[in-house]
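Just so you know, residue 1 is the first one in the sequence shown, and it goes up from there. Whatever order the structure lists them in is the order used to number ligands and atoms, beginning at 1.
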Amino acid sequence: MGSVTNELSPQLHAFIARQHVFFMATAPLHGGHVNLSPKGRDAFRVLDPKRVAYLDLTGSGNETSAHLLENGRITIMFCAFEGPPLILRLYGAGRAVLKGTAAWEELAPRFPDLPGARQIIVVDLTRVQTSCGYGVPTMEFRAERDKIIRWAEAKGDVGLEAYRQEKNLRSIDGLPTALGQDAKQ
Ligand SMILES: Cc1cc2nc3c(=O)[nH]c(=O)nc-3n(C[C@H](O)[C@H](O)[C@H](O)COP(=O)(O)O)c2cc1C
């Protein structure tokens, strides 16, 4: 029923491309708060069978970036809400790629140009695990919310940068984020 490998098959790549939502979990090494975030929109890409990336938009917290900077550990989960049941967990080591870097220039064209883009989270996969997903209900997708886009447009580039400087430099446990580290340089 379930399987464990260390890379994404074309079938799993196709499954990912059909999903509207995914979840990412990270944690600090020594206590503190475990973070679990839902993410949506057309923002996830399989770069190759062992590497994936996600375009992250500006929000009030920046937990994933801080935890990745400290220890790199991340788990991403997709589950089928339509069609045959399946849960896919991607375990790996991640990092935040910031604007103004060569890696950003290389990766950004693969994503939609969304207002509020904050960083690209890149993950090298170490374990690709599927399980049955029988406990997940079926639900029909209706629409993306456009609230995050309208929120970012209303803030504008200058407002967003100020917002990130105010809110996104440290995790809730006080760990620096990649943006926080960048700000110090
Ligand atoms: C406009 C806006 C949009 C947000 N969207 C999300 C979201 O899609 N997912 C989420 O987990 N938190 C969202 N949040 C809440 C925080 O940004 C949350 O603390 C942050 O996502 C946690 O850090 P992470 O994104 O690195 O996981 C949003 C907040 C704002 C202000």
Side-chain angles (χ1 to χ4, degrees), residues 16-45 51-79 81 87-101 103-104 107-108 111-125 136 139 141-184:
I16 288 172
R18 290 194 298 272
Q19 304 312 306
H20 298 287
V21 64
F22 60 96
F23 304 85
M24 47 173 64
T26 57
L29 272 186
H30 307 291
H33 295 82
V34 174
N35 185 66
L36 173 61
S37 290
K39 301 289 173 188
R41 311 200 78 86
D42 175 29
F44 194 91
R45 295 288 181 271
R51 182 174 285 179
V52 298
Y54 162 70
L55 178 68
D56 177 65
L57 305 182
T58 304
S60 50
N62 197 8
E63 295 297 295
T64 303
S65 171
H67 298 162
L68 293 182
L69 189 63
E70 189 208 37
N71 62 64
R73 296 177 306 159
I74 184 165
T75 302
I76 301 169
M77 187 183 78
F78 293 86
C79 38
F81 295 109
I87 296 172
L88 171 62
R89 288 185 176 85
L90 308 178
Y91 301 87
R95 63 188 183 280
V97 168
L98 299 183
K99 288 180 187 177
T101 63
W104 174 274
L107 287 169
F111 295 93
D113 185 15
L114 296 177
R118 176 169 68 177
Q119 58 208 342
I120 295 171
I121 303 295
V122 178
V123 180
D124 291 311
L125 304 179
V136 178
M139 289 187 268
F141 174 74
R142 223 168 44 215
E144 299 284 357
R145 294 176 200 268
D146 62 359
K147 202 149 187 156
I148 191 167
I149 303 295
R150 283 194 278 117
W151 178 86
E153 281 171 350
K155 281 222 166 304
D157 286 346
V158 174
L160 281 168
E161 185 50 35
Y163 184 86
R164 285 191 290 265
Q165 289 300 316
E166 185 195 339
K167 305 237 184 213
N168 288 171
L169 303 189
R170 289 197 174 267
S171 74
I172 54 181
D173 297 313
L175 293 173
T177 65
L179 277 174
Q181 212 191 37
D182 197 47
K184 268 193 259 155

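- In terms of protein heavy atoms, atom 30 (C) of ligand 1 is closest to Gly59 CA, 3.7 Å.
- What sits closest to atom 21 (O) of ligand 1 on the protein, heavy atoms only, is Lys39 NZ, 3.6 Å.
- Ligand 1 is approached by Tyr163 to a heavy-atom distance shorter than 4.0 Å.
- Nearest protein neighbour of atom 20 (C) of ligand 1, counting heavy atoms only, is Gly61 O, 3.5 Å.
- Note that CD of Glu70 is 9.0 Å distant from CG of Asp173, once rounded to the nearest 0.5 Å.
- Heavy-atom neighbours of Asp113 CG from other residues, nucleotides or ligands within 6.0 Å: at or below the threshold of 12.
- The aromatic rings of Phe141 and His20 sit parallel to each other, their planes meeting at less than 30°, with 60° as the upper class boundary.
- Taking a cut-off of under 4.0 Å to the non-hydrogen atoms of Ile148, the atoms of ligand 1 that pass are 1 (C), 3 (C), 5 (N).
- With a 4.0 Å heavy-atom cut-off, ligand 1 is reached by no atom of Thr26.
- Proximity of atom 18 (C) of ligand 1 to the protein is indicated by at least one non-hydrogen atom lying closer than 4.0 angstrom.
- A donor-acceptor contact shorter than 3.5 Å links the side chain of Asn71 to the backbone of Arg73.
- Residue Leu160 holds its CG atom at 10.0 Å from CD of Glu153, rounded to the nearest 0.5 Å.
- Of the heavy atoms in Pro38, both backbone and side-chain atoms come closer than 4.0 Å to ligand 1.
- A heavy-atom distance below 4.5 Å is not found between the side chains of Trp151 and Pro115.
- Contacts between Met24 and ligand 1, counted as non-hydrogen atom pairs separated by less than 4.0 Å, are absent for every part of the residue.
- Considering backbone and side-chain atoms together, Trp151 places no N or O closer than 3.5 Å to any N or O of ligand 1.
- Annotation: Leu36 places no N or O atom under 3.5 Å from an N or O atom of ligand 1; distance criterion only.
- For the pair Thr177 (side chain) and Asn168 (backbone), a donor-acceptor distance under 3.5 Å is present.
- With ligand atoms numbered from 1 in the order given, ligand 1 contributes 23 (O), 24 (P), 26 (O) to contacts under 4.0 Å with heavy atoms of Glu63.
- For Lys99 (side chain) and Ala117 (main-chain N/O), a donor-acceptor pair under 3.5 Å exists by modelled atom type.
- The ligand atoms of ligand 1 that sit less than 4.0 angstrom from a heavy atom of Asn62 are 23 (O), 26 (O).
- Atom 26 (O) of ligand 1 has its closest protein heavy atom at Thr64 N, 2.8 Å.
- Proximity of Arg118 to ligand 1 is established by a heavy-atom distance of less than 4.0 Å.
- For atom 13 (C) of ligand 1, no protein heavy-atom neighbour is found at a distance under 4.0 Å.
- Note that CE of Met77 and CG of Leu36 are 7.5 Å apart. Values are rounded to the nearest 0.5 Å.
- Checked options Glu161, Arg164, Arg118; the residue passing with Thr58 is Arg164 (criterion: side chain to side chain donor-acceptor pair (under 3.5 Å)).
- Residue Ser37 has at least one N or O atom closer than 3.5 Å to an N or O atom of ligand 1.
- Atom numbering of ligand 1 starts at 1 in the shown order; those under 4.0 Å from a heavy atom of Ser60 are 15 (C), 16 (C), 17 (O), 29 (C), 30 (C), 31 (C).
- Although no hydrogens or angles enter the test, the distance criterion places no donor-acceptor pair under 3.5 Å between the side chain of Glu63 and the main chain of Thr26.
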